[in-house]
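Taking it in order: structure first as structure tokens, then the write-up.
In this text, all values refer to a predicted model and were calculated from it rather than measured experimentally.
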Amino acid sequence: MKKQLIAITAFFLLVFPSLAFGASTNFGVAGALATVDASGTETTSAGDSGTANTNSGQTNNANIFIGSVYAEFESDWNAFTLGVEWTPGTADVSDNVKTRTDTETSVTGTTAASDSSREFKAQAEVENFMQTYAEVNVVDNLFIRASIAQIDVNTTETKSSNGGSYGNDTLDGVGYGVGFKGDLAFGNNLGYKLYYENINFDTLSLTSTGNSVTAETNKITADLDIETLKLAVSYKF
């Protein structure tokens, strides 16, 4: 979807100004308080004589401050707006590092059984949060917003001994929001937006590599949602 998102954004930036009579071009910055909700499940392989093990968990990381920049075109028709927004930087999905201790009973290429204990530490971070969005006023300065989004999820687990590890992935999402927008009285060509938005991302699915038993892998699935309360200020050309 990344190529599609870039193509849609380019279309907005190049074509929309020629179609929208009375449109303004707005460039702005925004600050938001965000909440990251995540839940996930890891399923370990059963092996030759064992049983599969499933571990689940969830986290709610609230009051994360994030900043973003955006560019948009706003028409005179119900303030209909098309734009793109980018949030730089990274944020941890959880406040705490997750830790688990496993006992290794076999290693590929070794005939003797083992009972070594291994500690796993797991964490994930998100970065490169990008949105392409549309907004329209419904009553006076009250507007609704819809967006398509992408975000990179980086697993930062620390494996020990012969344990496997997971890679990174990019997730697509859909967002909906509602808020107020208008012009600031104390500045020429300055506008503001105050709104709430909820973004639901596709399910993350990863399979481990580098396990001690090469034919066995572990799998994780996770759901990620981001809620934001955002204040934005723009300059209108």
Side-chain angles (χ1 to χ4, degrees), residues 1-2 5 32-64 66 87 89-108 113-131 147-176 196-228:
M1 185 176 174
K2 183 172 289 186
L5 189 63
L33 285 178
T35 297
V36 178
D37 287 311
S39 61
T41 299
E42 180 185 43
T43 302
T44 60
S45 176
D48 293 332
S49 59
T51 58
N53 183 34
T54 299
N55 296 282
S56 299
Q58 59 183 19
T59 184
N60 179 282
N61 199 356
N63 298 323
I64 305 170
I66 59 176
T87 302
T90 62
D92 290 333
V93 173
S94 174
D95 284 330
N96 302 311
V97 176
K98 308 302 182 183
T99 303
R100 186 184 82 240
T101 300
D102 286 350
T103 300
E104 182 69 38
T105 59
S106 63
V107 177
T108 296
S114 63
D115 60 356
S116 60
S117 179
R118 299 183 292 120
E119 184 181 68
F120 291 87
K121 295 181 179 180
Q123 177 61 289
E125 64 181 17
V126 291
E127 65 176 353
N128 296 327
F129 182 20
M130 184 177 181
Q131 295 174 266
S147 66
I148 54 175
Q150 280 195 331
I151 198 167
D152 292 336
V153 179
N154 303 321
T155 60
T156 57
E157 76 278 1
T158 301
K159 70 171 187 174
S160 60
S161 185
N162 297 302
S165 60
Y166 298 101
N168 305 322
D169 201 2
T170 298
L171 300 181
D172 302 322
V174 177
Y176 303 96
Y196 163 85
E197 186 174 33
N198 181 283
I199 301 173
N200 181 266
F201 289 95
D202 294 341
T203 299
L204 174 70
S205 181
L206 296 173
T207 301
S208 66
T209 58
N211 291 67
S212 58
V213 179
T214 55
E216 298 174 5
T217 57
N218 303 332
K219 295 183 179 180
I220 58 171
T221 58
D223 291 315
L224 178 68
D225 297 322
I226 297 179
E227 296 179 88
T228 59

For Q131 and S147 the tightest heavy-atom approach is NE2-OG, 3.1 Å
For E227, the salt bridge (Lys or Arg N to Asp or Glu O under 4.0 Å) test, sequence neighbours excluded, returns none
Closest non-hydrogen contact found for A34 with T228 is CB-CG2, 3.8 Å
Taking every heavy atom of F129 against every heavy atom of A149, the minimum-distance pair comes out as CE1-CB, 4.0 Å
Any side-chain heavy atom of V153 within less than 4.5 Å of one from L206?
-> no
d(T41 OG1, D223 CG) to nearest 0.5 Å is 8.5 Å
CG of D152 to CE of M130, rounded to nearest 0.5 Å, is 11.5 Å
d(N63 CG, N61 CG) to nearest 0.5 Å is 9.0 Å
In this structure, are over 12 heavy atoms from other groups packed under 6.0 Å from Y176 atom OH? no
Hey, does the side chain of D172 reach the backbone of Q150 with a donor-acceptor pair shorter than 3.5 angstrom?
-> no
Inset, instruction - Decide yes or no for L224 and I151: does some side-chain heavy atom of the first lie under 4.5 Å from some side-chain heavy atom of the second? - result: yes
- Query: Is any side-chain heavy atom of D37 less than 4.5 Å from a side-chain heavy atom of T35?
  - Reply: yes
query = Can you check whether L171 reaches L204 side chain to side chain, under 4.5 Å on heavy atoms?
reply = yes
Rounded to the nearest 0.5 angstrom, the OH-CG distance for Y196 and L33 is 13.0 Å
side-chain contact (heavy atoms from CB on, under 4.5 Å) filter on S205, not counting sequence neighbours, yields T221
